[in-house]
Every structure is written in structure tokens, then in C-alpha cells.
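Remarks on the structure that follows.
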Amino acid sequence: NNGRTEFTRLPGEYNVVISHDSYERYSEMVSFPSSSGNPRETVRLTPRPPKLNIDKSQLDFGDKSYILGITITNTGGGLLEWEIPENYSWLEVTPRNGKLEGSSSETVNVKIDRSTFNQGKQDGYSIPISSNGGNATINISFQVSPKIAINTQDLILGHDKDSDGFTISNAESGQFDYKIVTDKGWLSTDPEEGTVSTESDPITVLVDRSTIPLGNHTGKIYVNSTNG
């Protein structure tokens, strides 16, 4: 451990084996033909270069997960310097760079935002990792499953109200388009179509009483979306 080894049985021949995380393994036969003159043999070790290693090359978030992690390890020696660039606005990586001594590791968290994606399987995306000990790529895939939610099923306008309203929101992830139609000419909505991701869209329901006779009337509003 101090870089010196003493051989007491001279003359002789010894098989010298040296292993260390920061150096290449050394194995050589060393001969001492005589014990006189305090013989010495100098051994030069070759430093091991840093080497990038990741514990997985695929991150599949499915339809529920938002954060997954990967582990970066320096399986070589020296100092590994690594970096992940910002290549997608919907992808957050923490941290994006770091330095690792030999045999040390670091966890990197990957977070996705599905709010700008339409329904379906999303793949073909990747995270490049560059370093002075090699490069790596992590493939990204996830499922987007938006779900339309409406805050009420019934609107009662009575005998004096000309308008009321409801909201359309997304109960899951991603985004969807919607279009609204009614079954009566005197019944309309504002707006009649739109797109919802993380926000809620307020919908105003309008009744034109001038076109209908006195009495009780019932109408239906149909909200059709790209996810059902």
C-alpha cells in the first residue's frame, strides 16, 4: 500500500501481481540473481482510463410513471466527466452533468411531461450521454392516455335563464381535441370545439327562447373527443 515490497529470500524469482482500481492489472516475473548490493526492481503501472457505464439503455414510462432513474458509473479509473444535453422541452434531466472517480456512481432522474402529446404510444426518442470515457444512448418511450372529464351531466335553466355552463378537462395525461354538437336548433355552445391538455375549458351553453313555444323543453349536448 506504500508502493514498496521487500523480498527477503534472495536470490530468487517472483511472480509480481498488482491490482488496483485506478490502474491496469500488472503481472510479471521478477528475478533477483543476487542478494548483494541491495537489488531493486522498479515497476511502472499504467493508469486505467475512465469508462462510462449505465445500468439501463431503455426507459419505458408506460402510461402512469413520470419520473424514472438511471445510474451512471465510472467502471474505469481516473476522473469520468459526463454530460447530457437539453434536446427536448418536455424532458427534464437532473443532474445534466457530473464527475465521477473510479468505481463511483451517481443517480440521474429523468422526468417527462405528457401534456403536449396526443393519445397513443410515443417512442423514437433518446437521451445521448457524452463523456471522456465513452458515449451512451438511452431510449425513451411512454404511453399517453388522455381521458375526457365533464363536471356535470345536467343543466336546468328554468323559466328565465338563457345561459349556463360546464367545464371540459383532462383526467389523465396528454391532450385531446373535442367538438360539441347539440340536437336542437335553439341550443348552442360557445366554444364549439377546442383542445384540452392540463387546463380546463369553460363551455357556455346558450338557449334562444325566441324560437321555441311555451312549455318544457329538453335538449342534448354531445361532446365528441379524439379519445372517446
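Quick note: numbers below take in every heavy atom, side chains included, and nothing from hydrogens, waters or symmetry partners.
The number of heavy-atom neighbours closer than 6.0 Å to CG of D160, taken from other residues, nucleotides and ligands shown, is above 12. Other residues, nucleotides and ligands contribute more than 12 heavy atoms inside 6.0 Å of the NZ atom of K56.
In this structure, N109 and V93 have side chains that are not in contact, with every pair of non-hydrogen atoms separated by 4.5 Å or more. N74 places none of its side-chain heavy atoms less than 4.5 Å from the side chain of N53. Considering only heavy atoms from C-beta on, I148 comes within 4.5 Å of F176 through its side chain. Side-chain contact between L206 and T189 is absent, with no heavy-atom pair separated by less than 4.5 Å. With a 4.5 Å cut-off on side-chain heavy atoms, I180 and I203 count as touching. Looking only at side-chain heavy atoms (C-beta outward), P85 and P128 come within less than 4.5 Å of each other. Between P95 and W82 there is a side-chain heavy-atom pair separated by less than 4.5 Å. V205 places a side-chain heavy atom less than 4.5 Å from the side chain of L187.
Side-chain heavy atoms closer than 4.5 Å link hydrophobic residues (I, L, V, M, F, W, Y) into clusters, and following such links, possibly through other members, connects Y88 to I138. V144 and V196 are members of different hydrophobic clusters when ILVMFWY side chains are connected at heavy-atom separations under 4.5 Å.
Taken from CG in D113 to OG1 in T198, the straight-line distance is 7.5 Å, to the nearest 0.5 Å. To the nearest 0.5 Å, the span separating CG on L80 from CD1 on I72 amounts to 8.0 Å. Taking NZ from K99 and OG from S131, the interatomic distance works out to 13.5 Å, rounded to the nearest 0.5 Å. Here the straight-line distance linking atom CG of D177 with atom OG of S225 works out to 9.0 Å at 0.5 Å rounding. Distance check: I156 CD1 to K161 NZ gives 9.5 Å after rounding to the nearest 0.5 Å. For the atom pair CG (L91) and CD1 (I84), the distance works out to 9.0 Å, reported to the nearest 0.5 Å.
Scored by the salt bridge (Lys or Arg N to Asp or Glu O under 4.0 Å) test, D55 finds no partners at all (sequence neighbours excluded). Judged as a side chain to side chain contact (heavy atoms under 4.5 Å, CB included), and not counting sequence neighbours, the contacts of T152 are L155, F166. By the side-chain hydrogen bond (donor to acceptor under 3.5 Å, both in side chains) test, Q175 is found to be paired with N118, residues two or more places apart in sequence or in another chain being considered. For E172, the salt bridge (Lys or Arg N to Asp or Glu O under 4.0 Å) partners two or more places apart in sequence, or in a different chain, are K64. Under the side chain to side chain contact (heavy atoms under 4.5 Å, CB included) criterion, S141 pairs with Q58, D60, K121, D123, sequence neighbours left out. Shown here are the salt bridge (Lys or Arg N to Asp or Glu O under 4.0 Å) partners of R96, two or more places apart in sequence or in another chain: there are none. The salt bridge (Lys or Arg N to Asp or Glu O under 4.0 Å) check on D201 picks up nothing, with sequence neighbours excluded.
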- [ ] Before giving the answer on side-chain contact (heavy atoms from CB on, under 4.5 Å), spell out for I54 and I129 the whole-Å C-alpha distance, their side-chain angles and the decisive distance to 0.1 Å.
- [x] CA-CA 10 Å; I54 56 175; I129 305 176; 3.9 Å; yes
Open item on the list: Could you walk me through whether L100 and E106 satisfy the side-chain contact (heavy atoms from CB on, under 4.5 Å) test, starting with their C-alpha distance in whole Å, then the side-chain angles of each, then the deciding distance to 0.1 Å, before giving a yes or no?
Closed with: CA-CA 8 Å; L100 293 170; E106 183 169 11; 3.9 Å; yes
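With 3.5 Å as the limit, one finds no donor-acceptor pair spanning the side chains of S126 and N139. One side chain, S105 or T73, offers a donor N or O that lies under 3.5 Å from an acceptor on the other.
Judged as a ring pair (Phe, Tyr, Trp, His ring centres under 6.0 Å), the pairs with a partner in residues 130-159 (not counting sequence neighbours) are, in order, W90-F142, F117-F142. Within the structure, the ring pair (Phe, Tyr, Trp, His ring centres under 6.0 Å) test picks out no pair touching residues 42-78 (sequence neighbours left out). The salt bridge (charged side-chain N to carboxylate O under 4.0 Å, His left out) analysis of residues 65-85, with sequence neighbours excluded, yields no pairs. The stretch residues 178-190 participates, sequence neighbours left out, in these salt bridge (charged side-chain N to carboxylate O under 4.0 Å, His left out) pairs: K179-E193. Residue pairs satisfying the side chain to side chain donor-acceptor pair (under 3.5 Å) criterion with at least one member in residues 204-215, sequence neighbours excluded, are listed as follows: D162-R209, D208-S210.
A donor-acceptor pair under 3.5 Å links the side-chain atoms of S104 to the main chain of E101, judged by distance alone. Judged purely by atom type and a 3.5 angstrom limit, R114 has no side-chain atom pairing as donor or acceptor with the backbone of S145.
Closest approach of I150 to Q153, counting heavy atoms only: O-NE2, 4.3 Å. Nearest heavy atom pair, residue P146 against residue N170, reads CA-OD1, 3.6 Å. When every heavy atom of G219 is checked against every heavy atom of W186, the shortest pair comes out as N-CH2, 4.0 Å. In this structure, S115 and S197 approach most closely via the heavy-atom pair O-CB, 3.1 Å. Here the closest non-hydrogen pair linking N132 and P50 is ND2-CG, 3.8 Å. Residues N135 and S130 share a closest heavy-atom pair of OD1-CA, 3.2 Å.
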